Each structure stands twice: as C-alpha cells, then as structure tokens.
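In what follows, every chain begins at residue 1, and chains take the letters A, B, ... in the order their sequences are listed. If you're wondering where the values come from, they're calculated on a predicted model, not measured in any experiment.
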2 protein chains.
Amino acid sequence: MKKQQQLYKGSLNTIIMKLLEQQGKMYGYEITQKVKEITQGEMNITEGALYPALHKMEADGFLDVEMDRVDGRIRKYYKLTESGVKETISRMEELENFIRNMQTIVNPNLKLDY
Amino acid sequence: MKKQQQLYKGSLNTIIMKLLEQQGKMYGYEITQKVKEITQGEMNITEGALYPALHKMEADGFLDVEMDRVDGRIRKYYKLTESGVKETISRMEELENFIRNMQTIVNPNLKLDY
DNA sequence: CAAATATACATAATTTTTTTATGCATCAAA
DNA sequence: TTTGATGCATAAAAAAATTATGTATATTTG
C-alpha cells in the first residue's frame, strides 16, 4: 500500500485544464485514470473533488460539455473553450511561479537561471 | 502593483517549517518579511493565516515557543521540536513529490532523471 | 451464474486551510 | 502628530478538498 501523495489544494483545476489542453477532450473517469497512470499511482483525483470542479469550470465558461453513450454507459466529454485556453495559460504561469518560489525558499543556495 | 502569487493551500506549514529549520528560530512577523524578501514580493504570508498555523503546529508538538521583549515590543520566537524536525523532512518529501508529479503532468515529454 | 470489480456519473456533510476584516499596542519617521 | 512599520491576535467567511454515500451498467472471476 503505497503512501498517497497529498494534492495541494488549488492545483486540481490546473491539472484538469492541462490534461484537456493536451488530450483535446476527456471525460471525468478518464481524467482520474490518466492522473493515476502518469503519476504511477502517487496522485489520486477523488470523484468528490473532480465532478464539482468540472461543473464549476463549465459554469465559469472554461469548459464545454458533450454527452456520449458508450456501451450503454453515459460519458460526459469536456473540452476547453477559448476562455478556458487562456485560463490554462494563466494557471500554468502561476504553477511555474509557485514552484520557482518554493524552490527558492527550500533551497536558498541554489542558483537558478530564469 | 505586482500581481500576487497564489499560495497553494497546504504549502504554508511547509514554508514555515523549512524556514525555521534554516534559521534556527524566528518570530511571526519575521517569517512574513523573510518570505516576501526571498520571493521578491511575489509571495505574501498573511497574518490571518500565519498565526493560527503557528499556534496549531505548537499544539501539535512541532514547535516550541520562547517569549522575548525587544524595544518594548513582544516577540514570540518559534523553533522546531524534535518531532517538528521529522515532520519537516516528511513535508519536504511531499513537496518534492508534488513538484515532480506536477511537472510530469504538465510536461509529459520531458525526460527527468531521478 | 452469482458475486465482485470496474466503469461512470453525482451530491451532501464535513474538514482543512486560507482570505478578509478587524482589533490592540509600541516605536520611528515625516 | 499622525502615518507607517513592527508585532501580536481572533472571528467570520470563502475556497477547495475529503469522506461517505447513492445510482446504474458492464465485465470478470470463482
């Protein structure tokens, strides 16, 4: 039983948006599996966090939805809107700044080229 | 007016602990100034988050407090306990995992040596 | 073939962690 | 003398998760 990686709160939307940017369109369950696969099980997106997040981003105009029936089961495919693409870029910059700042705090002697 | 860097929720305690590990002991206000200085104003630790966090870590046995009067003003110096040192190490590992996983998600083509 | 597991969505209650808004007090500088 | 910096603190609200459920279909396994 591998130890579960904590997900810093606020990073979930960034993860979702970035995956959608890469994959074009994805459905909820697919996103949870993709994250698990990429991180080799270290990160786990819970459905209780995922679905409300998707609904909110849709309400905010960042995502478009398209329903699909596959093997008798419903899938809701999400993709970025134009506004969502911009938001993704903005969130990526924030993530990079966060990582850079954290690394500076954590490793103050390290010289970084930016 | 520079744009304020968002602080992912959950990272505050890690920041505080890592600074205490480096500096030996610090007081609250000093921590806010140090973070501002290191990140060149990009990150701002609010006092409404800082003081409750310090109190909680003290209650959890991660920090020891020592009062001091300087220039007629009270300072509360915090330092890591033995248990706090362990917790700092553990939180640092979590941070490194988080960063590594986020970079893998964000830049899936990049090959990293770990 | 029955039961367990995987797929696929969803929501409600709770918890965690922060922001925002205050409040009090001392000291230095303008 | 009043403004800004220093230094602590708490309360209300907001944000964003976790945990616990619930429903339903498909597939695998004993």
(Q) Using a 4.0 Å heavy-atom cut-off, does G48(A) contact any base of the nucleic acid, only the sugar-phosphate backbone, or nothing at all? (A) base
Q) Counting any heavy atom closer than 4.0 Å, what does T32(A) reach on the DNA or RNA strands: base, sugar-phosphate only, or nothing? A) nothing
Q. Just how far, in rounded Å, is P of dA26(D) from OH of Y29(A)?
A. 15 Å
Q: Pick base, sugar-phosphate or nothing for L7(B), based on heavy-atom distances below 4.0 Å to the nucleic acid.
A: nothing
Q) How many angstroms lie between CZ in F98(A) and CD in Q103(A), if you round to the nearest 0.5 Å? A) 10.0 Å
Q: Just call it for E47(B): base, sugar-phosphate, or nothing, with non-hydrogen atoms closer than 4.0 Å on any strand.
A: base
Q.
Under 4.0 Å, heavy atoms only, any strand: does R73(B) hit a base, just the sugar-phosphate, or nothing?
A. base
**Q.** Rounded interatomic separation in angstrom, taking CG from D71(B) and C1' from dG7(D)
**A.** 11 Å
Q. To the nearest 0.5 Å, how far apart are CG in L20(A) and NZ in K18(A)?
A. 11.0 Å
Q: Could you state the atom-to-atom distance from CZ of R75(A) to C1' of dC9(C) in whole Å?
A: 12 Å
Q) Between dT16(C) atom C1' and L12(A) atom CG, what is the distance in whole Å? A) 16 Å
Q) Hey, any chance Y27(A) and I74(A) share a hydrophobic cluster, counting ILVMFWY side chains that come within less than 4.5 Å of each other, even indirectly? A) no
Q) OP1, OP2 of dA10(C) versus side-chain N and O of Y51(A): anything below 4.0 Å? A) no
Q) Checking salt bridge (Lys or Arg N to Asp or Glu O under 4.0 Å) for the pair E30(B)/R75(B): CA distance, chi angles, key distance, verdict? A) CA-CA 10 Å; E30(B) 189 185 8; R75(B) 282 183 190 170; over 6 Å; no
(Q) Measuring from the side chain of A49(A) (C-beta onward, heavy atoms only), which nucleotide among dA15(D), dT18(D), dT25(D) has the closest atom? (A) dT18(D)
Q: Grab the CE-P distance between M26(B) and dC8(D) for me, whole Å please.
A: 11 Å
Q: Specify the residue among R69(A) and G10(A) whose closest nucleotide of DNA chain D lies further upstream toward the 5′ end.
A: G10(A)
Q: Among E82(A), E87(A), K56(A), find the residue that satisfies the side chain to side chain contact (heavy atoms under 4.5 Å, CB included) test when tested with F62(A).
A: E87(A)
Q) Taking OP1 and OP2 of dT11(C), is either one under 4.0 Å from a side-chain nitrogen or oxygen of H55(A)? A) yes
Q: Please evaluate the base of dA15(D) for a donor-acceptor partner in the side chain of K9(B) within a cut-off of under 3.5 Å?
A: yes
Q) Roughly, in whole Å, what's the span from OH in Y8(A) to C1' in dA16(D)? A) 15 Å
(Q) Closest approach to the side chain of K76(B), judged atom by atom: which nucleotide of dT19(C), dA8(C), dA9(D) is it? (A) dA9(D)
Q: Have a look at G28(A) and say if it touches a base, only the backbone sugar-phosphate, or nothing, with a 4.0 Å heavy-atom cut-off.
A: sugar-phosphate
Q. Can you tell me how far P of dT7(C) sits from CD of E37(A), to the nearest Å?
A. 12 Å
(Q) Nearest whole Å is fine: how far is dT10(D) C1' from K56(B) NZ? (A) 17 Å
Q) Where each residue is assigned the nucleotide of DNA chain C containing its nearest heavy atom, which of P52(A) and I74(A) is assigned the position nearer the 5′ end? A) I74(A)
